[in-house]
Protein chains: 2
Amino acid sequence: MKRNSRLSLALHTLSHMAGDPGRMRTSADIAAHAGTNPVVVRRVLGRLREAGLLVSEKGHAGGWRLARDPQDISLADVYLALDERLVATTDMDETPSCSVEHALQKRVTGVLEEIEENLVKRLGETSIAEMCHTEHH
Amino acid sequence: MKRNSRLSLALHTLSHMAGDPGRMRTSADIAAHAGTNPVVVRRVLGRLREAGLLVSEKGHAGGWRLARDPQDISLADVYLALDERLVATTDMDETPSCSVEHALQKRVTGVLEEIEENLVKRLGETSIAEMCHTEHH
DNA sequence: GACCAATGCAACTACAAAAGTTACAGATGA
DNA sequence: TCATCTGTAACTTTTGTAGTTGCATTGGTC
């Protein structure tokens with residue numbers, strides 16, 4: 001796998017699950033489908049569970065399934081659960097040297113934040129249920 | 001510096017330049033402002049020069065300046081010049097196992113591409129000239 | 001209770017992308 | 001001729017993350 005692999009893995013898995021909710025899947029099965037490792041799958045899906053998108057069960061016949069209706073899970077939910085922050089930088093140089101520099105930094109950061117918000121908004125407009133339908137516009 | 005440092009460095013530098021176009025700046029000056037290395041600056045700005053956003057001059061009194069009017073340089077120009085591709089994945093698993101999987105993969109990829117296009121479109125709506133104005137909404 | 005199959009999690013290695021650094025050739029104006 | 005830039009190659013360091021191994025824990029099933 002390559003870049004954005006966590007988001008990609010999460011979206012693929014949830015979209016797949018949306019096609020047959022209620023069915024329990026093991027991390028081994030999911031890993032085989034995604035061509036990766038069960039532990040990696042559990043790591044990524046663990047975050048989605050923390051965000052309330054998935055539930056997992058231990059023991060025999062355990063595994064993973066959606067925590068709620070596929071139509072109620074948006075791409076933004078997945079994105080935010082993974083805490084990616086694709087556009088916005090976490091922080092910049094700590095030494096603004098002068099107040100003008102500082103103001104500029106804040107403005108650049110602000111614009112990037114705005115773009116990030118817009119990205120999340122766009123992601124929020126699509127549910128994973130829409131991803132698994134065969135007839136997608 | 002941290003994540004998205006190239007984009008961040010590029011935006012800061014160009015925004016700064018937009019405040020006083022025509023003035024020539026050395027990579028050493030820029031690096032000092034950004035708290036990084038002259039070679040790193042030249043690497044990043046070199047891409048922007050290839051994209052026609054900047055011009056550089058060698059030798060004494062050489063340096064960097066904007067290639068055209070600040071109002072004619074959008075954030076999308078910068079983003080595309082750096083070839084970042086924040087949202088869309090370059091490629092996914094090569095073994096689609098079954099045709100249904102393959103269709104799902106294409107759909108996920110398609111949605112991510114669409115989001116990416118929207119991101120670029122949004123970036124295209126802001127010029128670096130707007131970044132350096134003190135009165136920003 | 002014994003056993004098996006799953007998650008949860010920690011610890012580690014492997015790897016790749018990028019920053020940072022050093023060094024130096026080439027260009028250009030003073 | 002010299003100082004000052006860019007351009008670039010080569011290398012080290014750092015960092016994020018995938019991949020891997022191992023094992024404790026949980027919970028069905030026999």
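Quantities reported herein were computed from a predicted structural model and do not represent experimental measurements. All chains are named by letter (A, B, ...) in the order of the sequence lines, taking the proteins before the strands, and each is independently numbered beginning at 1.
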Open item on the list: If you compare every side-chain N and O of A/Thr26 against the phosphate oxygens of C/dA5 (OP1, OP2), does one of them come in below 4.0 Å?
Closed with: no

Open item on the list: Tell me every residue that passes side chain to side chain contact (heavy atoms under 4.5 Å, CB included) with A/Ser27, counting only those two or more places apart in sequence or in another chain.
Closed with: A/Pro38, A/Val41, A/Arg42, A/Trp64

TODO: Would you indicate, yes or no, if C/dG8 has its OP1 or OP2 atom less than 4.0 angstrom from a side-chain nitrogen or oxygen of A/Arg49?
DONE: yes

TODO: Round to the nearest Å and state the distance from A/Arg25 atom CZ to C/dT7 atom P.
DONE: 13 Å

Task: Phosphate OP1/OP2 of D/dT6: any B/Ser27 side-chain N/O under 4.0 Å - done: yes

Task: For B/Gln71, side chain to side chain contact (heavy atoms under 4.5 Å, CB included) partners two or more places apart - done: B/Asp69, B/Ala129

Open item on the list: How many whole angstroms separate atom CG of B/Leu48 from atom P of D/dG7?
Closed with: 12 Å

TODO: Return the value, rounded to whole Å, for the distance between atom CG of B/Leu86 and atom P of C/dA18.
DONE: 11 Å

Open item on the list: Whether the side chain of B/Glu116 engages the backbone of B/Val87 through a donor-acceptor N/O pair (distance < 3.5 Å, no angle test) should be reported.
Closed with: yes

TODO: Output all residues satisfying side chain to side chain contact (heavy atoms under 4.5 Å, CB included) with A/Asp77, sequence neighbours left out; order by chain, then residue number.
DONE: A/Leu53, A/Arg68, A/Ile73, A/Ser74

TODO: Examine A/Val39 and A/Leu45 and state if one hydrophobic cluster contains both, with Ile, Leu, Val, Met, Phe, Trp and Tyr joined whenever side-chain heavy atoms are less than 4.5 Å apart.
DONE: no

Task: Of all pairs that satisfy salt bridge (charged side-chain N to carboxylate O under 4.0 Å, His left out), the ones with a partner from residues 49-65 of chain A, not counting sequence neighbours - done: A/Glu57-A/Arg65

TODO: Could you pull out all residues at least two apart from A/Asp29 that satisfy side chain to side chain donor-acceptor pair (under 3.5 Å)?
DONE: A/Thr26

Open item on the list: Side-chain N or O of A/Ser5 versus OP1/OP2 of D/dA18: is the shortest distance under 4.0 Å?
Closed with: yes

TODO: Measure the distance from CG on B/Leu7 to P on C/dA18 and round it to the nearest whole Å.
DONE: 13 Å

- [ ] Rounded to the nearest angstrom, tell me the gap between atom CD in B/Glu50 and atom P in D/dT6.
- [x] 16 Å

Task: Interatomic distance, A/Leu9 CG vs D/dT17 P [rounded to whole Å] - done: 14 Å

TODO: Not counting sequence neighbours, which residues clear salt bridge (Lys or Arg N to Asp or Glu O under 4.0 Å) with A/Arg122? List them please.
DONE: A/Glu125, B/Glu114

Open item on the list: Output the rounded distance in Å from CZ (A/Arg65) to P (C/dA6).
Closed with: 16 Å

TODO: Sugar-phosphate atoms are those with a prime plus P, OP1 and OP2; base atoms are the rest. Using that split, label each nucleotide of nucleotides 25-30 of chain C B, S or - for protein heavy atoms under 4.0 Å, 5' to 3'.
DONE: --BBS-

Task: Whole-Å distance separating the CG atom of B/Leu45 from the C1' atom of D/dG7 - done: 13 Å

Taking N or O atoms only and anything under 3.5 Å, show me the protein contacts with nucleotides 20-23 of chain D, one pair per line.
| unit_1 | atom_1 | unit_2 | atom_2 | d |
| --- | --- | --- | --- | --- |
| D/dT20 | OP2 | A/Asn37 | ND2 | 3.2 |

Task: For A/Val44, side chain to side chain contact (heavy atoms under 4.5 Å, CB included) partners two or more places apart - done: A/Arg6, A/Leu9, A/Ala10, A/Leu82

